[in-house]
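Lettering of chains follows the sequences in order, A, B, ..., and the numbering in each one begins at 1. As the structure is a computational prediction, the values presented were derived from the model and not from experiment.
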Number of protein chains: 2
Amino acid sequence: MRPLFHPSIDDLTVEGILHALSDPVRAHIFAEIAGAERSQTCSAFLEVSDRTVPKSTLSQHFKVLRDAGLIRSERQGVEMHNTPRCDELERRFPGLLKAIIDAHKRQTERQRTRRRRRA
Amino acid sequence: MRPLFHPSIDDLTVEGILHALSDPVRAHIFAEIAGAERSQTCSAFLEVSDRTVPKSTLSQHFKVLRDAGLIRSERQGVEMHNTPRCDELERRFPGLLKAIIDAHKRQTERQRTRRRRRA
DNA sequence: GCCATTAGTCCCGGTTAATGGAACTACGGT
DNA sequence: ACCGTAGTTCCATTAACCGGGACTAATGGC
């Protein structure tokens with residue numbers, strides 16, 4: 001297994017981070033990983049908000065998140081354990097992640113209330 | 001002239017905003033517009049950080065920023081005047097824009113000091 | 001050790017999005 | 001009416017994304 005690439009915190013770009021989180025599936029995955037107590041495997045996200053994500057696509061998504069410096073992935077046995085790099089990111093770009101995750105939360109909450117109102 | 005489309009603040013998505021600002025040229029344009037005292041024309045950005053941007057591309061970039069709800073564009077005579085929608089955006093996604101612009105600033109400053117050190 | 005199973009990755013063809021040159025439109029000035 | 005300027009639209013080329021299928025790496029059972 002070729003060791004997974006993780007960029008140094010100094011090489012991270014805002015563009016990369018925004019691009020990674022501009023996809024709803026990736027944003028969801030990252031929010032979950034960032035909010036979870038323990039590391040999450042990739043296959044935990046084969047279903048995201050009632051939609052099936054093919055595993056090749058999922059693998060790409062994780063690569064994008066890794067390359068953007070948002071998560072760290074390490075193999076443990078047969079599965080991959082993903083953890084957020086929040087502390088480093090917070091030092092490099094203070095407040096950025098929190099603002100984005102908050103905005104996403106705000107949006108999904110609103111979507112829920114809107115849907116409820118329609119129903 | 002077909003009137004320009006501006007989405008309602010309620011229809012804005014975080015994904016759209018992040019995607020729009022994940023491009024370095026667009027991020028630069030938006031930062032300038034957001035930071036300027038007065039409205040900016042499109043052609044003010046035919047040169048961005050020492051690179052020439054073709055005007056068809058530039059036009060597309062402005063459309064992306066408009067569609068994401070980041071700017072408002074209105075024709076005044078022969079030129080287009082662009083203003084930020086910061087107040088509305090702040091109400092919808094508090095802190096988001098500031099965090100992103102701050103992160104961008106932080107990044108460009110670092111790039112400058114790095115380049116200076118190398119030289 | 002060998003086979004089966006599980007978790008992810010890689011490859012590659014099809015589809016979609018971004019880029020930029022050239023033609024076009026919209027407006028103002030003369 | 002014509003010209004120059006500011007932006008837009010069209011279209012062909014190129015790059016990025018998606019997902020099915022083959023492949024790889026690690027584990028457990030036998």
Side-chain angles (χ1 to χ4, degrees), chain A residues 1-6 13 15-30 32-33 38-68 70-83, chain B residues 1-6 13 15-30 32-33 38-68 70-83:
Chain A
M1 175 90 245
R2 181 192 304 174
L4 290 177
F5 171 69
H6 291 96
T13 65
E15 293 90 33
I17 293 171
L18 297 190
H19 170 249
L21 297 178
S22 70
D23 178 275
V25 175
R26 284 195 296 263
H28 177 97
I29 292 174
F30 178 69
E32 290 284 313
I33 291 176
R38 323 204 289 104
S39 62
Q40 301 285 110
T41 66
C42 299
S43 52
F45 300 97
L46 282 168
E47 302 250 327
V48 158
S49 22
D50 297 337
R51 293 192 74 276
T52 298
V53 185
K55 61 178 189 165
S56 59
T57 305
L58 202 55
S59 181
Q60 283 309 305
H61 282 328
F62 273 94
K63 179 168 159 45
V64 172
L65 290 171
R66 251 196 322 274
D67 290 353
L70 288 162
I71 61 170
R72 193 175 290 283
S73 313
E74 45 190 331
R75 186 148 215 163
Q76 281 181 22
V78 74
E79 54 196 17
M80 197 72 97
H81 284 231
N82 300 283
T83 47
Chain B
M1 176 91 247
R2 180 192 308 175
L4 290 177
F5 170 71
H6 291 95
T13 65
E15 293 88 34
I17 294 171
L18 297 191
H19 171 249
L21 297 177
S22 70
D23 178 276
V25 174
R26 284 195 295 263
H28 177 98
I29 291 173
F30 178 69
E32 289 284 313
I33 291 176
R38 320 202 292 103
S39 64
Q40 301 285 310
T41 66
C42 298
S43 53
F45 300 96
L46 282 168
E47 301 248 328
V48 159
S49 21
D50 298 337
R51 293 191 73 274
T52 298
V53 184
K55 61 178 188 163
S56 59
T57 305
L58 202 54
S59 181
Q60 282 311 304
H61 282 328
F62 273 93
K63 179 169 160 44
V64 173
L65 290 171
R66 249 194 327 271
D67 290 353
L70 288 162
I71 61 171
R72 192 175 292 282
S73 313
E74 43 190 332
R75 186 147 215 162
Q76 283 182 21
V78 74
E79 54 196 18
M80 198 72 97
H81 284 232
N82 299 285
T83 47

Visitor: Output the rounded distance in Å from CG (A:L4) to C1' (C:dT9).
Guide: 9 Å
Visitor: Listing request: all side chain to side chain donor-acceptor pair (under 3.5 Å) pairs with a residue in residues 45-54 of chain A, at least two apart in sequence or in separate chains.
Guide: A:E47-A:T52
Visitor: Rounded to the Å, how far apart are B:L58 CG and D:dT9 P?
Guide: 14 Å
Visitor: Does the plane of the ring in A:F45 sit parallel, tilted or perpendicular to the ring in A:H28? Use 30° and 60° as the thresholds.
Guide: perpendicular
Visitor: Are OP1 or OP2 of C:dA7 and a side-chain N or O of A:T41 less than 4.0 angstrom apart?
Guide: no
Visitor: Test your reading of the model: is there a side-chain donor-acceptor pair from B:R38 to the backbone of B:Q40, 3.5 Å cut-off?
Guide: no
Visitor: Over how many whole Å does the gap from A:K55 atom NZ to D:dT24 atom C1' extend?
Guide: 11 Å
Visitor: NA contact type, A:H81, heavy-atom cut-off 4.0 Å: base, sugar-phosphate, or nothing?
Guide: nothing
Visitor: Starting at the 5' end of DNA chain D and moving along, which residue's nearest nucleotide shows up first, A:V64 or A:V78?
Guide: A:V64
Visitor: CD1 of B:I71 versus C1' of D:dG7: gap in Å, rounded?
Guide: 13 Å
Visitor: Take atom CZ of B:R75 and atom C1' of D:dT8, then tell me their distance rounded to the nearest Å.
Guide: 9 Å
Visitor: Let me know the distance between NZ of B:K63 and C1' of C:dA17, rounded to the nearest Å.
Guide: 13 Å
Visitor: What is the distance from atom CD of A:E74 to atom OG of A:S39, rounded to the nearest 0.5 Å?
Guide: 8.0 Å
Visitor: Kindly say if B:H61 contacts the phosphate of C:dG20, meaning a side-chain N or O under 4.0 Å from OP1 or OP2.
Guide: no
Visitor: Look at the side chain of B:S59 and the backbone N and O of B:S56, then say whether any donor-acceptor pair between them is shorter than 3.5 Å.
Guide: no
Visitor: Taking 4.0 Å as the cut-off, does a side-chain nitrogen or oxygen of A:S59 come that near to OP1 or OP2 on C:dT9?
Guide: yes
Visitor: Atom CZ of B:F62 and atom C1' of C:dA18: how far apart are they, to the nearest Å?
Guide: 17 Å
Visitor: Give the nucleotide from the list D:dA6, C:dT9, D:dC18 with an atom nearest to the side chain of A:T57.
Guide: D:dC18
Visitor: Mapping B:Q40 and A:T52 to their closest nucleotides on DNA chain D, which lands nearer the 5' end?
Guide: B:Q40
Visitor: Can you check whether any acceptor in the base of C:dG20 is under 3.5 Å from a donor in the side chain of B:S56, or vice versa?
Guide: yes
Visitor: In whole angstroms, how far is the P atom of C:dC27 from the CD atom of B:E79?
Guide: 14 Å
